[in-house]
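Just so it is clear, the values below take in all heavy atoms, side chains as well, and ignore hydrogens, waters and symmetry mates. The structure displayed is predicted, hence computed values, not measured ones.
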2 protein chains.
Amino acid sequence: MKKYIPILKRTKLFAGVAEDEIDAMLSCLDARLHEYKKGEYVLREGEHLNHITVLVSGELHIQRDDYWGNRAIVNRIAVGEMFGEAYIAPESGALLNDVVAVEDSAVIFFDVRRIITVCSSACRFHSMVVQNLFFAISQKNKTLVQKLGHISKRTTREKLISYLSEEAKRQNSASFTIPFNRQQLADFLSVDRSAMSNELCKMRDEGLLEFEKNQFKLL
Amino acid sequence: MKKYIPILKRTKLFAGVAEDEIDAMLSCLDARLHEYKKGEYVLREGEHLNHITVLVSGELHIQRDDYWGNRAIVNRIAVGEMFGEAYIAPESGALLNDVVAVEDSAVIFFDVRRIITVCSSACRFHSMVVQNLFFAISQKNKTLVQKLGHISKRTTREKLISYLSEEAKRQNSASFTIPFNRQQLADFLSVDRSAMSNELCKMRDEGLLEFEKNQFKLL
DNA sequence: CTCTTTCTGTTGTAAATACAACCGACTTAT
DNA sequence: ATAAGTCGGTTGTATTTACAACAGAAAGAG
């Protein structure tokens with residue numbers, strides 16, 4: 001687990017905490033490392049979670065499949081990001097979604113109660129972590145609202161424009177790479193892949209954008 | 001403002017805090033009361049917010065209108081609920097949505113920094129409020145994921161079933177009242193009102209449910 | 001009470017989407 | 001090298017949805 005301390009240092013959760021302090025906090029927070037192969041489930045819908053988790057290697061999707069096999073990708077977790085923040089409250093109930101490794105991944109689990117209950121003075125940076133967690137959850141909240149903004153658009157084209165222009169803004173460039181292939185993007189935006197592919201090509205023919213694989217450019 | 005203390009006592013934010021303690025905390029948290037008439041904007045997209053707010057009277061919608069006049073209702077705030085938790089972080093940027101009073105409403109604003117920075121021992125219950133805020137944000141997060149689950153369904157019928165069965169579950173009865181009229185429900189689920197109305201009637205004719213105004217019964 | 005406004009359901013048409021099936025390019029495994 | 005699998009684009013059709021327009025019922029104003 002110690003090899004991931006430099007990664008933890010760069011996460012929102014441990015922002016401003018020195019590496020040796022993180023090292024000291026690992027046991028205080030009862031940190032546990034788990035590893036997953038590509039395609040493995042980290043957590044399944046219906047399970048109960050009493051941990052805050054941080055992805056330290058690989059990539060995860062928060063997703064849900066319905067009876068008919070339609071997949072909805074609720075969120076994508078990149079290295080350094082957290083998940084499980086929606087289940088901090090004691091009465092928060094079972095997981096609503098599956099969490100799946102889309103690459104070989106490593107996840108560190110932290111005991112929720114140990115985080116939010118500030119411990120003895122041994123952890124001098126604990127209160128900073130609590131505040132970081134505040135900000136991180138708050139920001140995740142905002143991310144979800146943004147995603148709602150995308151998929152509440154009525155047409156596939158509008159959803160694409162909404163999503164792509166936010167990515168351009170976020171990456172601060174008209175040229176950018178998206179972290180999804182076509183099927184994943186379709187699942188993320190809740191549309192049919194072929195219809196979306198069709199629409200993307202129409203938009204390209206109309207001169208709105210260019211793309212090749214995951215590389216997009218808005219014009 | 002004092003007349004709303006009994007209401008505050010019943011909110012998630014002040015759960016477990018006695019009324020006289022809340023009274024004492026109001027000034028500590030720099031609480032300010034604002035009132036709005038039905039239809040007035042509490043906040044507008046693009047503004048900056050440095051407060052956590054609690055609705056103590058009336059009803060609010062978090063919504064957004066696009067260029068073509070399509071309205072998306074992101075969330076509904078009932079008495080005792082908070083909003084603005086997505087903008088706690090210092091770098092969280094401008095509001096993504098409008099906040100509108102759909103009834104005559106009263107809102108109390110609390111200074112964010114004063115909440116998350118635990119003050120002197122005068123506020124003995126401050127740390128409890130911090131923990132309450134944690135749980136409340138976390139739960140809001142979960143609510144947003146649930147809403148994503150509804151509108152990521154492909155057809156109007158599936159969206160309706162998803163929403164209505166959750167309401168039934170939440171209200172713990174096959175008969176329940178929803179807090180939206182038809183237009184608002186359509187805006188909430190991101191579908192066309194007339195198409196939705198049509199679909200509801202088809203479902204009724206097929207014996208899936210009964211309804212009258214806002215009163216629904218799943219069969 | 002009457003007039004106006006709002007709400008809900010209905011219908012027809014045009015547009016958009018889902019679905020299935022297929023193809024070619026490319027990658028990976030054996 | 002060959003075969004199998006993955007990925008993205010294309011097409012046609014059936015289904016679904018949006019949109020506009022209208023009508024009756026209910027609610028609210030004067």
J.: Give the C-alpha distance, both sets of side-chain angles, the deciding distance and a yes or no for salt bridge (Lys or Arg N to Asp or Glu O under 4.0 Å) between A:Asp104 and A:Lys38.
T.: CA-CA 4 Å; A:Asp104 289 357; A:Lys38 176 175 178 174; over 6 Å; no

J.: Can you tell me how far P of C:dT11 sits from CD of B:Glu199, to the nearest Å?
T.: 14 Å

J.: Side-chain N or O of B:Thr156 less than 4.0 angstrom from OP1 or OP2 on D:dT17?
T.: yes

J.: Rounding to a whole Å, what distance do you find between A:Asn181:CG and C:dT27:P?
T.: 15 Å

J.: Does the pair A:Arg64/A:Glu45 count as a salt bridge with the N-to-O cut at 4.0 Å?
T.: yes

J.: Is the closest basic N to carboxylate O distance between A:Glu19 and A:Lys9 below 4.0 Å?
T.: no

J.: A:Asp192 has an atom CG; how far is it from atom P of D:dT17, in whole Å?
T.: 14 Å

J.: Considering only side-chain heavy atoms of B:Ser194, which listed nucleotide, D:dA26, D:dT10, C:dT11, is closest?
T.: C:dT11

J.: For a quick test of reading the model: is some side-chain N or O of A:Lys159 closer than 4.0 Å to OP1 or OP2 of C:dT17?
T.: no

J.: Between the base of C:dG9 and the side chain of B:Arg204, is there a donor and acceptor pair under 3.5 angstrom?
T.: no

J.: Taking the side chain of B:Arg154 as heavy atoms from C-beta outward, which of C:dG9, C:dA18, D:dC19 is closest to it?
T.: C:dA18

J.: Given atom NZ of B:Lys202 and atom P of D:dT17, what is their separation to the nearest angstrom?
T.: 8 Å

J.: Rounded off to whole Å, could you give me the CD1-to-P distance for the A:Ile178 and D:dC7 pair?
T.: 14 Å

J.: Report which part of the nucleic acid A:Lys213 touches: base, sugar-phosphate, or nothing (heavy-atom distance under 4.0 Å, all strands).
T.: nothing

J.: Parallel, tilted or perpendicular: which fits the ring planes of A:Phe109 and A:His51, with parallel below 30° and perpendicular above 60°?
T.: perpendicular

J.: Reading DNA chain C from 5' onward, which residue's closest nucleotide shows up sooner: B:Arg182 or A:Val191?
T.: B:Arg182

J.: Could you say whether A:Asn198 or B:Arg157 is positioned toward the 5' end of DNA chain D, judged by the nucleotide with the nearest heavy atom to each?
T.: A:Asn198

J.: Hey, does the side chain of B:Ser165 reach the backbone of B:Ile161 with a donor-acceptor pair shorter than 3.5 angstrom?
T.: yes

J.: Would you indicate, yes or no, if C:dA16 has its OP1 or OP2 atom less than 4.0 angstrom from a side-chain nitrogen or oxygen of A:Thr155?
T.: no

J.: Calculate the interatomic distance between A:Asp187 atom CG and C:dC19 atom P; express it in whole Å.
T.: 12 Å

J.: How long is the line joining CG of A:Leu200 and C1' of D:dG9, in whole Å?
T.: 11 Å

J.: Atom NZ of B:Lys38 to atom P of C:dT5: distance rounded to whole Å?
T.: 15 Å

J.: Could you tell me whether the phosphate oxygens of D:dG8, OP1 or OP2, come under 4.0 Å of any side-chain nitrogen or oxygen in A:Arg193?
T.: no

